[in-house]
Amino acid sequence: MRVQFVDAVARELSNDARSVFLTGDLGFNALEGLQNQLGPRFLNVGVAEQNMMGVAAGMALTGLRPWAYSIAPFATYRCLEQIRNDICLHQLPVRVVGNGGGYTYGIMGSTHHALEDLGALKPLPNMHLYFPCSNNHVAAAVRQMADLADPAYLRLAISGFADDRPALSEHPTTLTRRYAERPGARSRGLTIVAAGHAAQIVNRMSKPTEDAEIDIFGIARFPLDLGLDRDLRESVRATRRVLFVEEHYASGGIGESFAAAVAADVDAFSVMSAEYRKGQRYGSAAFHLNQSGLTPETVTNAARAMLG
Amino acid sequence: MTDSSTIFAELRRDALAIRKMLLAMHYRAKSGHIGTGLSSIDILALLHKVWLGEDDAFLLSKGHGASALYATLHHYGRISDEEIATYYQDGTLFPAHPAPRAVPAIVAATGSLGHGLSIAAGIAYARKHVHEQTTRVAALLSDGECNEGSVWEAAAFASHHGLSNLLVVVDANGLQGFGTTREVLDMEPFADKWRAFGFATHEIDGHDFEQLHAATRELDPQRPTCIIARTRKGNGVGFMEGKLEWHYLPMTEAQYRDALRSLDGESS
């Protein structure tokens, strides 16, 4: 998603002289073009994420609209208080960008995984979270973030089970995608909802039963706005069963919030999420997803069990 | 000479009035953080009366000194009588640490230490290198605050980018939350640290308006400036000076009366 992000943000930056781009010393082989394009509006602040967020806040106080980029865990946990106090409490248009959501940086080890990033930022006042489902979903998120007057976070990721299946539809505001639709209008079935790039796992699942009736959605934005996502809401009300999949720990994840939002409409709700394991070993993103039981096969099995 | 001595006499009168206002606010509110306010009032008065231009910005990075900032802004007409009367009360915009944009003169909410210098540096960078303005930014830090690593991230940044429009003043009162700065985490040689980070650095008596004025009058044209202002916690109130407990304690009625007498004694 990084390539698509750089292309999209370069367009925004060239259209808006108030935009500035900050990086915490990351971007080799990716941000050089932006650096050349922007002059003093591109700033490598060094390996100093706390300062980067404070500086971004200060710039925003002068009317600028900063993007602040780092690896997802460094852009969030290290400087959480700066994001909360300096940016969110002042409702400043600072766009935090974390590359490597979920297990993207698998073999780099646990310090580089971002499995609590959305949970850490979700409760912050005025904060908007964006977690695109695939590469071709990034530009729309960047476009929307560029226009926001509020703080926002963009979670870029590479899936361990890459699948860029085209969506059947995409909501222009919520960016929610519909990937599969139940045949006909029969009510019995299952609504599968994936947060962000977990959609790519779900899209590789098999048909759980011969007569499976499955809706598949990918959501990409928090706060949830199910008032706008009418198709998704209708699906949940019709099937009354939701399987939610996310590459994030369950606690603090988007699934929790989704469950609360649809509680009155469902009889069964199940979350498949990343799992912390004591003494865990390390490998690729796909390796970690396998360890967490987040694979196309496990999703298929979970769907089959829920369809019962 | 006459002009500047008049200014200094006015500043002394202003600072006394601000100290009295601060004591009244804390007595009414039964609130703490008196000592840290008293140590910074001379710096705040000098900056707000003399140094800060209309478009300059001031960041109170040592947010626990908020009452001193409120009293100073009130004295110079930036906070109304009605507003200052709400200090520390339910429904106020003036809590114990500055709230976001309570009044235009309060640029940012502070209170967690180690944030203000980064914000100030961001403003200074944007103004100098992006907006190409000549306005300036001042940040007031505490010496204990400089335990925070983020202060030094911001210092390195400010120096690297030649933020000559940035003035850092450290209210070095030598006392922090649970001991003296020497005992808790000795940052000496403190001025050398700021010099090593690339700041034009002055070390002065933070209660001497002539020294404060001289150190702040002209900023270094190439580098950010840091003033280590050596102060006394509780300055002006004899029984509070240099006493750790006045970082925290509110005053009894008798202590409030004693404190006012002490201030008047010093000014006579």
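Note: hydrogens, waters and symmetry copies are ignored here, and every other heavy atom, side chains too, is used. Below, read A as the first sequence line, B as the second, and so on, with proteins coming before strands; counting in each chain starts at 1.
What you find for A:His90 and B:Ala108 is that their closest heavy atoms are NE2-CA, 3.2 Å. Looking at every heavy atom in both residues, A:Pro40 comes nearest to B:Val130 through O-CG2, 4.2 Å. Pairing each heavy atom of B:Ala126 with each of A:Leu64, the nearest pair is CB-CD1, 3.5 Å.
Residue-environment remark: CZ (B:Arg78) stays at or below the threshold of 12 foreign heavy atoms within 6.0 Å. For B:Glu218, the CD atom counts as loosely surrounded, since its 6.0 Å shell holds 12 or fewer non-hydrogen atoms of other residues, nucleotides or ligands.
Interface remark: of the candidates A:Asp86, A:Val47, A:Leu89, A:Asp86 forms the most heavy-atom pairs closer than 4.5 Å to chain B. Residue with the most contacts toward chain A among B:His115, B:His129, B:Arg101: B:His115 (heavy-atom pairs, distance under 4.5 Å). Ranked by heavy-atom pairs under 4.5 Å with chain A, the list B:Ala109, B:Ala99, B:Gly116 is led by B:Ala109.
Separating the CD atom in B:Glu153 from the CE atom in A:Met52 is a distance of 10.0 Å, to the nearest 0.5 Å.
Neither the backbone nor the side chain of B:Val151 comes within less than 4.5 Å of any heavy atom in chain A. Using a 4.5 Å cut-off between heavy atoms, B:His161 touches chain A through its side chain atoms alone. A:Gln91 does not touch chain B: none of its heavy atoms, backbone or side chain, sits under 4.5 Å away. Only the side chain of A:Leu92 comes within less than 4.5 Å of a heavy atom in chain B; its backbone stays farther off.
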Can B:Tyr125 and A:Thr62 be said to form a side chain to side chain contact (heavy atoms under 4.5 Å, CB included), step by step?
CA-CA 10 Å; B:Tyr125 180 94; A:Thr62 76; over 6 Å; no
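The residue from A:Glu81, A:Gln82, A:Arg84 that alone fulfils the side-chain hydrogen bond (donor to acceptor under 3.5 Å, both in side chains) condition with B:Ser112 is A:Glu81.
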